[in-house]
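A short write-up of the structure that comes next.
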Amino acid sequence: MPLSRRFTLTQYLIEERRRFPGASGDFNALILDVALACKAIARAVAFGELGGVLGNHNGEAGGSINVQGETQKKLDVISNQYFTRLNEWGGQLAGMASEEMDEPYQIPKQYPRGKYLLVFDPLDGSSNIDVNVSVGSIFSVLRAPQDVIDSGRDVVEADFLQPGTKQMAAGYALYGPTTMLILTVGNGVAGFTLDPNLGEFMLTHPNMHVPEDTHEFAINASNARFWEPPVKRYVDECLAGKTGPRGKDFNMRWIASMVAEAHRILMRGGVFMYPRDTKDPSKPGRLRLLYEANPIGMVMEQAGGRASTGREPILSVQPTSLHQRIGLVFGSKNEVERIERYHREPVAFKDDNPLFAERSLFRD
């Protein structure tokens with residue numbers, strides 16, 4: 001096998017560490033442990049039914065339910081175990097939090113504790129796993145509060161409630177035709193592809209950038225009747241194509257796996273919308289702020305894109321609970337800013353046809 005001039009993930013992290021001469025190396029070790037968990041999950045995903053990992057967890061009892069009220073897949077549980085077991089031992093973490101766990105995960109007493117917090121969605125898009133659609137893992141690294149570091153006490157929910165601007169690193173792994181790791185440590189975004197011969201993540205996509213303009217959007221159209229007016233306006237204008245106010249045709253995409261959506265947008269542009277709607281007034285959004293919206297938001301912002309609630313930058317939102325849900329719009333900068341502008345502008349209806357317009361006599 002010929003030698004490659006590509007950097008490994010380890011080499012990339014060493015180069016980044018050289019920007020901080022006083023760094024201890026704990027941060028690099030943590031990212032490599034996260035990468036190892038992603039490699040293990042990629043292996044389990046690749047075996048699929050051959051590995052006996054498809055279907056619901058505890059299926060004989062009708063399936064187990066996580067804190068989100070969602071039925072857990074076997075791979076949800078397996079992936080969560082890989083993340084916790086492969087990251088608990090190294091002495092870099094003070095605690096962890098996961099979509100699949102009600103409360104923060106405490107580092108076992110036999111292991112040393114460190115200065116970072118790890119939050120993650122161990123298997124995003126797991127509802128697609130049984131039909132062989134790309135899934136992924138999402139992660140975010142925060143610095144633990146100083147009193148946690150000084151005292152070594154157990155972490156509590158409040159320790160994780162930090163806005164996205166406080167993230168030290170974020171990224172995701174994509175388990176598709178190839179396994180990729182997308183990472184930002186606050187100095188742009190780099191993409192790594194898993195070399196199956198070496199078992200190493202190799203730098204294949206340095207300095208990733210989201211195009212500022214696009215002709216693609218992604219949204220779950222089945223929720224159209226629940227959308228707020230600014231979102232409906234944006235989608236209607238896209239669907240109107242060349243003859244509409246945008247003057248160009250748009251394509252619509254929807255994979256129902258946010259990692260896959262984010263990766264497509266990172267590679268070629270686009271806008272993803274899972275906005276707040278009126279379907280369930282008790283939920284201000286569908287996606288989780290700490291371990292979905294914030295890490296994807298950091299990746300997008302570091303790649304020149306934008307991430308927003310539709311009303312404010314997602315990274316500026318102050319979390320109020322560990323599993324807080326929120327509306328999310330991200331992708332090509334100019335499109336996200338347009339959606340934000342529509343939220344600020346007063347709603348104006350057109351009544352050209354009073355019988356069938358939005359304010360018609362026949363409205364629901």
Donor-acceptor check, side chain of [X] to backbone of [Y], threshold 3.5 angstrom: yes or no?
X: Asn128; Y: Val133; result: no
X: Glu237; Y: Pro245; result: no
X: Glu200; Y: Leu198; result: no
X: Glu292; Y: Arg288; result: yes
X: Gln324; Y: Leu161; result: no
X: His263; Y: Ala173; result: no
X: Ser332; Y: Gly270; result: yes
X: Asp33; Y: Leu30; result: no
X: Asp121; Y: Glu99; result: no
X: Ser257; Y: Ser134; result: yes

Inspect the contact between [Y] and [X] and indicate whether a charged nitrogen and a carboxylate oxygen are less than 4.0 angstrom apart.
X: Lys109; Y: Asp154; value: yes
X: Asp277; Y: Arg286; value: no
X: Asp280; Y: Arg325; value: no
X: Glu335; Y: Arg246; value: yes
X: Asp213; Y: Arg338; value: no

Is any side-chain heavy atom of [X] less than 4.5 Å from a side-chain heavy atom of [Y]?
X: Ser126; Y: Leu75; result: no
X: Phe160; Y: Val119; result: yes
X: Leu13; Y: Arg17; result: no
X: Arg306; Y: Glu301; result: yes
X: Val299; Y: Met208; result: no
X: Leu117; Y: Pro145; result: yes
X: Arg113; Y: Ile149; result: no
X: Val210; Y: Ile265; result: yes

Original post:
Stepwise, does the side chain to side chain contact (heavy atoms under 4.5 Å, CB included) test hold for Arg6 with Asp195?
Top reply: CA-CA 11 Å; Arg6 299 185 188 277; Asp195 183 330; over 6 Å; no
Tell me, yes or no, whether the heavy-atom count around [X] atom [atom1], taken from other residues, nucleotides or ligands under 6.0 Å, exceeds 12.
X: Lys166; atom1: NZ; value: no
X: Arg253; atom1: CZ; value: yes
X: Glu15; atom1: CD; value: yes
X: Trp254; atom1: CH2; value: yes
X: Arg85; atom1: CZ; value: no

Could you give the distance from [atom1] ([X]) to [atom2] ([Y]), rounded to the nearest 0.5 Å?
X: Thr184; Y: Gln302; atom1: OG1; atom2: CD; answer: 4.0 Å
X: Met273; Y: Asn220; atom1: CE; atom2: CG; answer: 11.0 Å
X: Asp26; Y: Ile31; atom1: CG; atom2: CD1; answer: 12.0 Å
X: Ile138; Y: Ile296; atom1: CD1; atom2: CD1; answer: 4.5 Å
X: Ile41; Y: Lys39; atom1: CD1; atom2: NZ; answer: 13.0 Å
X: Ile339; Y: Asn334; atom1: CD1; atom2: CG; answer: 11.5 Å

Kindly give the heavy-atom pair with the smallest separation between [X] and [Y], and that separation in Å.
X: Glu157; Y: Thr320; result: OE2-O, 4.3 Å
X: Ile107; Y: Tyr111; result: CG2-CB, 4.0 Å
X: Leu142; Y: Met168; result: C-CG, 4.1 Å
X: Met252; Y: Ile219; result: CE-O, 2.9 Å

Consider only side-chain heavy atoms of I, L, V, M, F, W and Y, link residues closer than 4.5 Å, and tell whether [X] and [Y] are in one cluster.
X: Val141; Y: Val34; answer: yes
X: Val259; Y: Val135; answer: no
X: Ile326; Y: Leu322; answer: no
X: Val336; Y: Met300; answer: no
X: Val189; Y: Leu203; answer: no

Are the aromatic rings of Phe83 and Phe139 close, with centres under 6.0 Å apart?
->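 No.
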inquiry  = Walk me through whether Asn80 and Tyr105 qualify under side chain to side chain contact (heavy atoms under 4.5 Å, CB included).
reply    = CA-CA 11 Å; Asn80 194 72; Tyr105 182 86; over 6 Å; no
**Message:** What verdict does the side-chain hydrogen bond (donor to acceptor under 3.5 Å, both in side chains) test give for Glu261 and Tyr274, after you've listed the backbone C-alpha separation in whole Å, the side-chain angles of each residue and the deciding distance to 0.1 Å?
**Reply:** CA-CA 11 Å; Glu261 304 277 7; Tyr274 217 133; over 6 Å; no
Assess whether side chain to side chain contact (heavy atoms under 4.5 Å, CB included) is satisfied between Phe120 and Asn87, documenting all intermediate values.
CA-CA 12 Å; Phe120 53 89; Asn87 284 282; over 6 Å; no
### Task
Begin from the C-alpha positions of Gln167 and Asn294 and carry the test side-chain hydrogen bond (donor to acceptor under 3.5 Å, both in side chains) through to its verdict.
CA-CA 8 Å; Gln167 293 175 107; Asn294 274 346; 5.0 Å; no
**Request:** Over 60° means perpendicular and under 30° means parallel, so classify the ring planes of Tyr234 and Phe250, tilted if in between.
**Result:** perpendicular
Report task. For a ring-ring contact (aromatic ring centres under 6.0 Å, His included) with Tyr12, tell me which candidate from Phe201, Phe7, Phe192 qualifies. Result ->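 When ring-ring contact (aromatic ring centres under 6.0 Å, His included) is applied between Tyr12 and each of Phe201, Phe7, Phe192, only Phe192 qualifies.
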- Message: Go through it in stages, so that I can follow the logic: the residues are Lys73 and Asn56, the test is side chain to side chain contact (heavy atoms under 4.5 Å, CB included), and I'd like the CA-CA distance, side-chain angles, deciding distance and then a yes or no.
- Response: CA-CA 4 Å; Lys73 298 291 185 179; Asn56 292 339; 3.3 Å; yes
Can you name the one residue among Tyr82, Tyr175, Tyr291 that meets side-chain hydrogen bond (donor to acceptor under 3.5 Å, both in side chains) with Ser137?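 The single option meeting the side-chain hydrogen bond (donor to acceptor under 3.5 Å, both in side chains) with Ser137 is Tyr175.
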